Amino acid sequence: MTEITGTAGVPPASRNASTEVTAKPSNSAFHEVGRDGRDPSEDEREIKELERVWACPPGIYGWFTDTDHKAIALRYVVTAFVFFLFGGIEALLMRIQLARPESHFLSPDLYNQVFTVHGTTMMFLFAVPIMTAVGIYLVPLMVGTRDVAFPRLNNYGYFVYLIGGILLYVSFFLNTGPDAGWFAYVPLSGPGYSPGKRVDIWAQMISFTEISALSGAVVVIGTVFKMRAPGMSLHRLPLFVWAQLVTSFMIIFAMPAVMLASSLLASDRLIDTHFFNPAEGGDAILYQHMFWFFGHPEVYIIFIPALGFVSSIVITFSRRRIFGYTAMVLSLIATAFLGFGLWVHHMFATPLPQLGQSFFTAASMMIAIPSGVQIFCWIATMWGAKLNIKTPLLFVLGFVAIFVLGGLTGVMLASVPLDLQIHDTFFVVAHLHYVLIGGAVFPLFGAFYFWFPKWTGRMLSERLGKWNFWLMFIGFNLVFFPMHQLGLKGMPRRVYTYLPETGWASLNLLASLGALVLGIGVLIFIVNFFWARRFGAVAGPNPWGADTLEWSLTSPPPAYNFQRIPVVEGRNALWDQSTEAPVVVGLSSTKRETLVSSVVDAVPELRYELPGPSIWPLLLALATAETFIVGIFTPWAFLVGAVLTFAVFVGWFFGNPNYENVDAKQPPDETNFASEDLRAEEA
Amino acid sequence: MSNKLHIAVARRFWCCAVRRARFVLFPTLTALLLTGCGGGLQSVLNPSGPQSEHISGLWWFMLITCTIVFVLVMILLFAAVVKGRKGFPDPIAPPEKETRESERRRGVVVAVATAITIAILFVFIVDSFFVGRGMTAELDRKQGINIEVTGHQWWWEVRYQDVDASSIFTTANEIHIPVGVPVTFSLKANDVIHSFWVPNLHGKKDLIPGKISTIWLQADKPGIYRGQCAEYCGHQHAHMALWIFAEPREQFDAWRRAQIQSAASPATASEQRGQQVFLSSACVMCHAINGTPAGSNFGPNLTHLASRKTIAAATLPNDRQHLAQWVDDSQQIKPGNRMPPNKFSPEDMQALLDYLQSLK
């Protein structure tokens, strides 16, 4: 592939650089040295050192203990994609069942489990984790640092998520899959109407995935705020990173609500509390408030990272700076704020006062404004630009078409009177898949095609990619467009079958055939993946001529990411890089050291040693697992869990060496770079 | 595996039998329904009352506006792609500097588009507020009737309220209302949340345990309207339907007078035997027949069972064959429903059916 002349594809460190940057005092630890001033063999030695220091421990032990954000993120992506396939298979089962009236392909009991597990999987095990995962891979690279802020917490988050997913699927295959819907409304999910352990498994799985999401959010926020390369002040942050940052804040505010809801539900079921039992003064609607206070922001938690993917792809493939950067950033933030103010539009059919409902109508419609602004800005960016129409851009164009339609039906659903008719019908099924598949899955596939070369070093096939896109696009519309009409013709959601007299059969059959096409589209992606792993063209550092820092590294990037942390000179880091771009030197190559910078202007503050591989995150995940899984059967598990968790925490924190954070402004220790290498060699 | 297959085959066979029977018997009802309201007996797009008409107006307004918006955005997108589809530099060169003029022009377009979006949304908000107010407005309820609907897993209990206690009666799954008269529904739930929805007449309203919700609707033309539970309520959520029969006032009054009566006494020997079977079996544990000792209200009230068009929450036509199948083993038809199988001798079964079919 081609490269942008003079910038991309060449690690900043290996380029001729000026010797000084005036903005920084010359006695700082971060003075800039060009290659000219250094012996090339010294450079090589340093790389060897870094490779040794940042290496993952060998074997299976290494798999459990590794803290490399890239390895963890890829695990996340693969795991979440496997869950996506499971969820997709469940969707196909449902479409087979609904293809004709009074079908007996699935029993009602199995159908109810299948649709519950489908929703739960797609929301909790696929959409949120995979968006975070892409962020965990790319955020440190885009902000120019060597790892995420809390590498071990990151590892813990993955294991907790994995255990939660396994819990759900093991129980599903044992015919104890949850069957009260992904929203598990009380009293249906309460002890009286859902005996057995099915709903308990759902409630505890929620806790697992929420903990994992919270860990991911903390990691991303820490990384974005404190670990940016010098020069990357907030107004130069790539939109992708902004999207991840905003999402992480949303996670922190939204997730506790659902953990509260699911925990109160679990305690109603396990220890006979009456939070939601109307017979004892509990309130069934309270649950809905708590669930949707999380549930609606959840949609944006899935959707906002996808906006980041879209921005990256639009910028790269139209070879243009984003139009309206400030408006885009403010739109992301506005979406996040408004996203918390419209949960009641899921509850318009409950007996709530009309004036209150009108407030939520207004809020729900208002959220169309920031979304609209972003769509307009992307079109404005592409307008008049020469476009590189490759698969990632195709997915983005498909995203705009599908998402705009889904957004418009969303505006309709915001209207109380209209919602009363189409709420809980197939119209809503159509709407939510338009905004979630259109708004998140299409950009995600675009992101796969875009970043696959960076992740693996090889290109996915363009030809298969086009097949993949068109089959998914046509299949998607065939499945979900008829559902709008089905909803208007009165078909409620979550029905395992319908009578022939209803006249819903032909549209349902059409939707089921569409599901087949969509399924084949996804299958082609899998084929493309395996093909590219073996035969894909070798990518090189920057096959698309993109603008963010990850494209300055080899594909895949080395474990330590940056040998020299670059100094960022503009919003589009690689495009704005001068030919004499300075780099940061002075970071240790014998420790996992990285740079901590200030929140707003990314002024270097500290050299910080990141923790390396450790078994404690896995042990903590196991202690968490004990608490929640055994907690399904006996409340004593929480006592045991508390003791275990405490013990693991003691081990985790006592095991740590005393890191010394060195002030960046301190005169450089003479041992800092060159001599440290020497010392290591002596040892 | 093969065992499962056998069960599946057997089940499919059974269902085919049921379905075939239904195909023969249902056309009467279906034909009635289709002629009654010109197609779409359970459709938002076929409004038959003031409430649904209000909403339908809003729907068409929003649909047309949104379609225009969608088409405009797609044209913009398409034009951008067509304009830029050729001439991407190879090798990829760094982007050129934007001209001030291009920035300014695009800025104006984005600002105008955003302003139009805001204006449209504002109109939508105001419109839906006033439609909503129109729907919940107080109406002259003096001549209206008041019906209490209680949701059960998976059927509807329907209780006609009256100031005169002797005129209160209970039926199930089929609601008769007079044409042109506002009807107020008080909605309750006994077990889990359900949602009452008859799309031709009005939007839905949730039935929530521990709360009473109210909704009023009115049918402007005679006809039969299908409704269905719209909140997931467990196993047989799919088979929890109801019919609304909107009739001229006199017809409704006649029906109402008949419903208030106690059950007809068994006339023939077979019917008498059937009543004995009913009263001495598990039936009485759940069902009531007014005028007999059977008084449980766990299941639908059967006092005037034979006057109903359907059984099993509007799932099966109410005829002898389906009634027999339902009584014998309803789990085959609606798996998971609350009614256990009943094993009667053939004679007892025939007598029971005779009796049930006499409950006009």
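Bear in mind that the values here come from a model prediction, so they are computed numbers and not experimental data.
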What part of [X] is in contact with chain B, defined as an atom under 4.5 angstrom from a non-hydrogen atom: side chain, backbone, both or neither?
{"X": "A:F427", "answer": "side chain"}
{"X": "A:L488", "answer": "both"}
{"X": "A:A284", "answer": "side chain"}
{"X": "A:P187", "answer": "both"}
{"X": "A:T350", "answer": "both"}
{"X": "A:D547", "answer": "neither"}
{"X": "A:L397", "answer": "both"}
{"X": "A:Q113", "answer": "neither"}
{"X": "A:F115", "answer": "side chain"}

If I take atom [atom1] from residue [X] and atom [atom2] from residue [Y], how far apart are they, to the nearest 0.5 angstrom?
{"X": "B:D206", "Y": "A:Q288", "atom1": "CG", "atom2": "CD", "answer": "6.5 Å"}
{"X": "A:E102", "Y": "B:T315", "atom1": "CD", "atom2": "OG1", "answer": "8.0 Å"}
{"X": "A:E501", "Y": "B:L41", "atom1": "CD", "atom2": "CG", "answer": "9.0 Å"}
{"X": "B:W197", "Y": "A:T425", "atom1": "CH2", "atom2": "OG1", "answer": "5.5 Å"}
{"X": "A:Q421", "Y": "B:Q51", "atom1": "CD", "atom2": "CD", "answer": "10.0 Å"}
{"X": "B:C229", "Y": "A:R494", "atom1": "SG", "atom2": "CZ", "answer": "11.0 Å"}

Between chain A and each of [options], count heavy-atom pairs under 4.5 Å; write down the option with the most.
{"options": "B:R105, B:R85, B:Q236", "answer": "B:Q236"}
{"options": "B:S56, B:G210, B:C66, B:S102", "answer": "B:C66"}
{"options": "B:S213, B:S195, B:A113", "answer": "B:A113"}
{"options": "B:H54, B:H202, B:M240", "answer": "B:H202"}
{"options": "B:V81, B:T67, B:T117", "answer": "B:V81"}
{"options": "B:I215, B:V131, B:T65, B:V44", "answer": "B:V44"}

Shortest non-hydrogen contact from [X] to [Y]?
{"X": "A:M365", "Y": "B:S128", "result": "CE-OG, 4.5 Å"}
{"X": "B:V192", "Y": "A:Y193", "result": "CG1-CG, 3.5 Å"}
{"X": "A:A380", "Y": "B:V110", "result": "CB-CG2, 3.8 Å"}
{"X": "A:N112", "Y": "B:H235", "result": "ND2-CA, 3.4 Å"}
{"X": "B:K211", "Y": "A:P351", "result": "CD-CG, 4.3 Å"}
{"X": "A:K386", "Y": "B:F88", "result": "O-CD1, 3.2 Å"}

Self-check item: ring pair (Phe, Tyr, Trp, His ring centres under 6.0 Å): pairs with one or both residues in residues 349-377 of chain A, sequence neighbours excluded
Solution: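 As it turns out, the ring pair (Phe, Tyr, Trp, His ring centres under 6.0 Å) pairs with a partner in residues 349-377 of chain A, which skip direct neighbours, are A:W343-A:F360.
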Decide yes or no for [X] and [Y]: does some side-chain heavy atom of the first lie under 4.5 Å from some side-chain heavy atom of the second?
{"X": "B:Q153", "Y": "A:L188", "result": "yes"}
{"X": "A:R493", "Y": "B:Y232", "result": "no"}
{"X": "B:K83", "Y": "A:L387", "result": "no"}
{"X": "A:I379", "Y": "B:V73", "result": "yes"}
{"X": "B:E231", "Y": "A:D424", "result": "yes"}

Quiz item: Considering residues at least two apart in sequence or located in another chain, which fulfil the side-chain hydrogen bond (donor to acceptor under 3.5 Å, both in side chains) criterion with B:R226?
Solution: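 Residues passing side-chain hydrogen bond (donor to acceptor under 3.5 Å, both in side chains) with B:R226: B:Q42, B:Q228.
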Pick one of side chain, backbone, both or neither for [X], based on which atoms fall under 4.5 Å of a heavy atom in chain A.
{"X": "B:A189", "value": "neither"}
{"X": "B:L207", "value": "neither"}
{"X": "B:L76", "value": "both"}

Quiz prompt | A:K489 vs B:L45, side chain to side chain contact (heavy atoms under 4.5 Å, CB included): CA-CA, chis, key distance, verdict | solution = CA-CA 7 Å; A:K489 286 175 84 178; B:L45 303 177; 5.7 Å; no
Practice problem: Heavy atoms only, distances under 4.5 angstrom: which of A:T361, A:D283, A:N572, A:L393 has the most pairs with chain B? Name it, please. | Solution: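 Among A:T361, A:D283, A:N572, A:L393, the one with the most close pairs to chain B is A:D283.
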Quiz item: Top residue by heavy-atom pair count (under 4.5 Å) with chain B, among A:P278, A:G192, A:S194, A:A349?
Solution: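 Counting heavy-atom pairs under 4.5 Å, the top option is A:A349.
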Under 3.5 Å, sequence neighbours excluded: what are the donor-acceptor pairs made by side chains of residues 398-419 of chain A?
from	atom 1	to	atom 2	distance (Å)
A:T409	OG1	A:L405	O	3.4
A:T409	OG1	A:G406	O	2.8
A:T409	OG1	A:H431	ND1	2.9

Quiz item: Mind checking which of residues 368-375 of chain A sit less than 4.5 Å from chain B, heavy atom to heavy atom?
Solution: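 The residues closer than 4.5 Å to chain B, in numerical order, are A:A368, A:I369, A:V373, A:I375.
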Quiz item: Does CE in B:M62 sit with more than 12 non-hydrogen atoms of other residues, nucleotides or ligands closer than 6.0 Å?
Solution: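 It does: B:M62 CE has more than 12 such atoms within range.
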Quiz item: Which is it for A:Y496 and B:H239 under the ring pair (Phe, Tyr, Trp, His ring centres under 6.0 Å) test, yes or no, and what are the steps along the way?
Solution: CA-CA 9 Å; A:Y496 79 95; B:H239 287 141; 5.5 Å; yes
